[in-house]
Structures are given as C-alpha cells and as structure tokens.
Amino acid sequence: MTEIVQKQIQDAQKLNQTTNEFLNLMNKEFSLNLSSADFEKFQTISFDELKTEFSKYVTEQLKNKLNLPDKEKLYQVFKDVYLYHIDTLRVKHIDEMEYLRDKV
C-alpha cells in the first residue's frame, strides 16, 4: 500500500497538483473519509513528508477497514482501488496509442 501511495504522490508532483487537490483525490479514490483535522494536518506538509505520513495513515485506515466484519465494505474498498488502477492504466494506454497514431 505504501508503494501505491508513494506512486500517487509522485504522479501528483509531476502533474503539479496542489496538496489540497491530491488529498481530495486520495480521499475519494480510497474512500478514506478524512476528518477535517486530518485533512488540515496533511495539507500543511510537503509532498516529501506526505510520502511517509500519508502512507502510514492510509495503511492504518485500510487495516481498520479490513478488521470490520462487513465483507461488503471490504469488497467495495478493493473494488475501488482496483478500478482506479485499471482506469489509470487504460488512460495511459489510450494516450500512448494516440501518440503512436500521431507519430505514424
């Protein structure tokens, strides 16, 4: 999970996203339900610090969700993460094919 979060942070830096935009995206994609206190805490730190702090937070949140007896919620978490990464790969593939078409 840490690697996934760190990769997302690297992508956010490449896209020149603000910390606020990044946190909103992560909150939505991982269904974290960040509290306003946590949101403000993460919003004030740099991307380099986010790599460790936010990774720990996401891992802890997912552990808490995995400990829940509700299998439907667990399924939804895995589905959301899986679909997000499949969609990212799909968009990357489409962009690469468009670039190849333009090049040819």
Side-chain angles (χ1 to χ4, degrees):
M1 195 69 225
T2 301
E3 291 175 12
I4 292 172
V5 171
Q6 290 179 354
K7 173 74 170 106
Q8 294 302 320
I9 291 171
Q10 288 174 351
D11 291 346
Q13 286 176 309
K14 288 178 186 175
L15 295 172
N16 294 322
Q17 284 182 336
T18 63
T19 308
N20 189 17
E21 292 170 336
F22 170 75
L23 290 172
N24 283 326
L25 179 67
M26 290 291 100
N27 194 29
K28 177 183 161 192
E29 295 300 328
F30 290 110
S31 303
L32 295 176
N33 297 325
L34 280 168
S35 68
S36 58
D38 288 332
F39 192 86
E40 288 178 18
K41 178 181 94 173
F42 291 125
Q43 191 174 13
T44 59
I45 61 177
S46 69
F47 277 116
D48 291 331
E49 294 171 345
L50 270 179
K51 286 181 182 178
T52 57
E53 297 297 320
F54 193 67
S55 296
K56 289 177 189 175
Y57 180 82
V58 170
T59 303
E60 186 64 33
Q61 291 297 316
L62 288 177
K63 281 182 184 177
N64 290 340
K65 287 183 180 186
L66 293 175
N67 288 332
L68 295 174
D70 188 2
K71 292 188 186 269
E72 185 62 34
K73 286 184 181 181
L74 175 64
Y75 172 76
Q76 188 63 37
V77 169
F78 283 123
K79 179 181 168 188
D80 290 346
V81 171
Y82 179 75
L83 289 176
Y84 172 78
H85 287 287
I86 291 295
D87 186 52
T88 302
L89 292 172
R90 179 189 62 83
V91 170
K92 183 178 177 182
H93 174 74
I94 290 170
D95 290 343
E96 289 173 354
M97 292 297 105
E98 185 176 317
Y99 173 75
L100 180 64
R101 187 177 338 128
D102 291 343
K103 194 171 183 175
V104 170

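- How far CG of Asn27 is from CG of Leu32: 5.5 Å, rounded to the nearest 0.5 Å.
- Gln43 has its side chain within reach of Leu23: a pair of non-hydrogen atoms, C-beta onward, lies under 4.5 Å apart.
- Partners of Glu40 by side chain to side chain contact (heavy atoms under 4.5 Å, CB included), not counting sequence neighbours: none found.
- For Ser35, the side-chain hydrogen bond (donor to acceptor under 3.5 Å, both in side chains) partners at least two apart in sequence or on another chain are Asp38.
- Counting only residues at least two apart or in different chains, side chain to side chain donor-acceptor pair (under 3.5 Å) contacts with residues 44-55 are absent.
- Residues that satisfy the side-chain hydrogen bond (donor to acceptor under 3.5 Å, both in side chains) test with Lys28, not counting sequence neighbours, are absent from this structure.
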Could you pull out all donor-acceptor pairs under 3.5 Å where a side-chain atom in residues 9-22 meets a protein atom, sequence neighbours excluded?
{"residue": "Asp11", "atom": "OD1", "partner": "Lys7", "partner atom": "NZ", "Å": "2.9"}
{"residue": "Asp11", "atom": "OD2", "partner": "Lys7", "partner atom": "NZ", "Å": "3.4"}
{"residue": "Thr18", "atom": "OG1", "partner": "Glu21", "partner atom": "N", "Å": "3.1"}
{"residue": "Asn20", "atom": "OD1", "partner": "Asn24", "partner atom": "ND2", "Å": "3.4"}
{"residue": "Glu21", "atom": "OE1", "partner": "Thr18", "partner atom": "N", "Å": "3.0"}

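- Under the rule for a ring pair (Phe, Tyr, Trp, His ring centres under 6.0 Å), the partners of Phe42 that lie at least two apart in sequence or sit in another chain are Phe54, Tyr57.
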Side-chain donor/acceptor pairs under 3.5 Å, residues 94-104, sequence neighbours excluded:
none

Return a table of donor-acceptor pairs under 3.5 angstrom between the side chains of residues 83-91 and protein atoms on other chains or two or more places apart.
{"residue": "Tyr84", "atom": "OH", "partner": "Gln8", "partner atom": "OE1", "Å": "2.6"}
{"residue": "Asp87", "atom": "OD1", "partner": "Arg90", "partner atom": "NE", "Å": "3.2"}
{"residue": "Asp87", "atom": "OD1", "partner": "Arg90", "partner atom": "NH2", "Å": "2.6"}
{"residue": "Thr88", "atom": "OG1", "partner": "Tyr84", "partner atom": "O", "Å": "2.9"}

